[in-house]
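Read the numbers this way: they start at 1 and go in the same order the structure lists the ligands and their atoms. Please read all numbers here as calculations on a predicted model, not as lab measurements.
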Amino acid sequence: MMNFSKGIKLPKHVAIIMDGNGRWAKKRHKPRLFGHRQGALHARDFIEMFSQYNIPYLSLYAFSTENWNRPAAEVQGILSLLEENLEQAVKIAGEKNIRINHLGNADGLPRNIQLKAENALEATKNNTGLTVNIAFNYGGRSEIVAATRRIIEDRLSPADVDENLFSRYLYTSGIPDPDLFIRTGEEMRLSNFLIWQAAYAELYFSPILWPDFGKHDFEKALKIYSKRQRRFGGLESY
Ligand code: IPE
Ligand code: IPE
Ligand code: MG
C-alpha cells in the first residue's frame, strides 16, 4: 500500500460495478444466490483492503433499479444479504473509521432495509476516514429525474440551474466525481451507474468475476489509471 502508492497518481474516488456473481456460482454448479453471498463477503474484504490506500471515496454498485426485473426469489435473496451486510459493515466501519453512505432511492426499499441503512449512516456519520457509498435501488436516470423533481419543488429559477447546482441535488452531493470507474465480470457497459458523475471518469473493464477481483487486480487497475492522460476536453500539457 504505502510502497505501492509511492510515485503513483491515485484517484480520489473509485466506483465499482461489482458484476459476475451469478457466473461465478454457475461455474461451480451452484445456485446464483451462492454467488451473491460470496460477492457480499468479498465486498467486505475488499473495503478493508481498499481502506489502506488513502483513497477517500469508494462507490459500490450493489443493486440497480433494473435488478427488480430478476426472479422474485433472487431479489429477496439479494435484499436479505444486503440487510445482513449493512449490519456487518457498521462493525467494520467502526474499526476502520469508515463512513457509510447510501446512493439510491430509499423510499422504494422494504422498511427493514431502510432502517438498517439509516442506522449505518447515523452510526458512521462522524467517521473521518474512507467514505463508502453503497448504491442499492440505484439508477442513474432515476437519480437525474429525482433531482429534477426536487429542483422544481424548490421553485428554483431556470437561470439558477447550472451543473454545480444540479450536482448538489444528486445522491452524491458534496462528493467529487469518480476518477476511476471499474467494472468486473467482462461486460463493457455502465448499466445505469453514476451516468452523470462518470462523464469524465477513466473506465477500466476487467474480465475477472467480482468474487475473484482481488488486491492484485485492483492494483493493476490503479497502475493503468495512473498512466492515463486526462484532458477534460483541453490539450495535454507539453
Ligand atoms: C452482480 O452479479 C450483482 C447484482 C447485479 C446484484 P450478477 O448477478 O449480475 O452476476 P452475473 O452477471 O449474472 O454473472
Ligand atoms: C449491474 O449489473 C448492476 C450491479 C452490479 C448491481 P447487471 O448484471 O445488473 O447489469 P446488466 O444487466 O448486465 O447490464
Ligand atoms: Mg450481471
Side-chain angles (χ1 to χ4, degrees), residues 13-47 50 57-89 100-106 108-110 112-114 116-117 120 132-146 170-172 175 178 180-198 201 203-214 217-218 221:
H13 182 176
V14 176
I16 306 184
I17 301 183
M18 307 183 288
D19 195 23
N21 294 344
R23 279 162 287 160
W24 186 90
K26 195 171 178 207
K27 272 174 81 184
R28 287 161 181 78
H29 310 285
K30 300 276 192 190
R32 292 180 57 82
L33 266 178
F34 181 77
H36 291 310
R37 191 163 295 119
Q38 192 60 34
L41 283 173
H42 183 60
R44 278 191 228 162
D45 293 344
F46 190 90
I47 291 170
F50 187 96
Y57 298 96
L58 172 66
S59 296
L60 298 173
Y61 204 9
F63 188 80
S64 76
T65 46
E66 288 70 37
N67 287 145
W68 295 104
N69 295 327
R70 296 189 180 194
E74 181 169 345
V75 170
Q76 269 317 310
I78 294 172
L79 290 179
S80 328
L81 280 169
L82 193 59
E83 192 182 350
E84 255 173 62
N85 274 278
L86 277 168
E87 231 173 78
Q88 291 295 330
I100 300 173
N101 249 329
H102 171 224
L103 308 180
N105 175 11
L109 286 161
N112 55 332
I113 309 260
Q114 284 181 24
K116 286 271 153 59
V132 178
N133 303 311
I134 309 175
F136 49 96
N137 199 19
Y138 175 89
R141 287 186 171 183
S142 131
E143 174 181 39
I144 290 167
V145 170
L170 298 172
Y171 300 129
T172 48
I175 296 169
L180 172 59
F181 189 109
I182 298 174
R183 182 177 188 137
T184 67
E186 198 103 63
E187 311 290 0
M188 297 196 188
R189 52 176 170 259
L190 306 187
S191 298
N192 207 11
F193 191 39
L194 301 176
I195 52 175
W196 168 285
Q197 297 86 340
L203 307 181
Y204 179 82
F205 297 98
S206 168
I208 312 287
L209 304 173
W210 170 251
D212 293 329
F213 188 81
D217 305 299
F218 177 57

Within 6.0 angstrom of Arg141 CZ, more than 12 heavy atoms from elsewhere: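 For Arg141, atom CZ is not crowded (no more than 12 foreign heavy atoms under 6.0 Å).
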
Neighbour count above 12 (heavy atom, 6.0 Å) for Arg37 CZ: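 No, because the 6.0 Å sphere around CZ of Arg37 holds 12 heavy atoms or fewer from other groups.
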
Sorted by chain and number, the residues that approach ligand 1 to under 4.0 Å with a heavy atom: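 The answer is Met18, Asp19, Gly20, Asn21, Gly22, Arg23, Arg32, His36, Ala62, Asn67, Arg70, Ile78, counting any residue whose heavy atom sits under 4.0 Å from ligand 1.
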
Sum of protein N, O or S atoms, each under 2.8 Å from the Mg ion (ligand 3):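 Every protein N, O or S atom under 2.8 Å from the Mg ion (ligand 3) counted, the figure is 1.
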
Approximate separation, where rounding is to 0.5 Å, of Asn67 CG and Phe136 CZ: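 Interatomic distance, Asn67 CG to Phe136 CZ, rounded to 0.5 Å: 13.0 Å.
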
Criterion side-chain contact (heavy atoms from CB on, under 4.5 Å) on Ile113 and Asn137, from CA distance to verdict: CA-CA 11 Å; Ile113 309 260; Asn137 199 19; over 6 Å; no

Hey, does the side chain of [X] reach the backbone of [Y] with a donor-acceptor pair shorter than 3.5 angstrom?
{"X": "Trp210", "Y": "Gly39", "result": "yes"}
{"X": "Tyr61", "Y": "Ser191", "result": "yes"}
{"X": "Glu143", "Y": "Leu170", "result": "no"}

Closest contact, heavy atoms only, Tyr138 versus Ile195: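 The pair with the smallest heavy-atom distance is OH-N, 4.3 Å.
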
Sub-4.0 Å atoms of ligand 2 with respect to non-hydrogen atoms of Arg189: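 Close to Arg189: 11 (P), 13 (O), 14 (O).
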
Check: Leu194 and Leu103 side chains under 4.5 Å, non-hydrogen atoms: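 Yes, their side chains come closer than 4.5 Å.
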
Validation row: Ile182, Ile16 side chains within 4.5 angstrom (heavy atoms):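 Yes, side chains in contact.
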
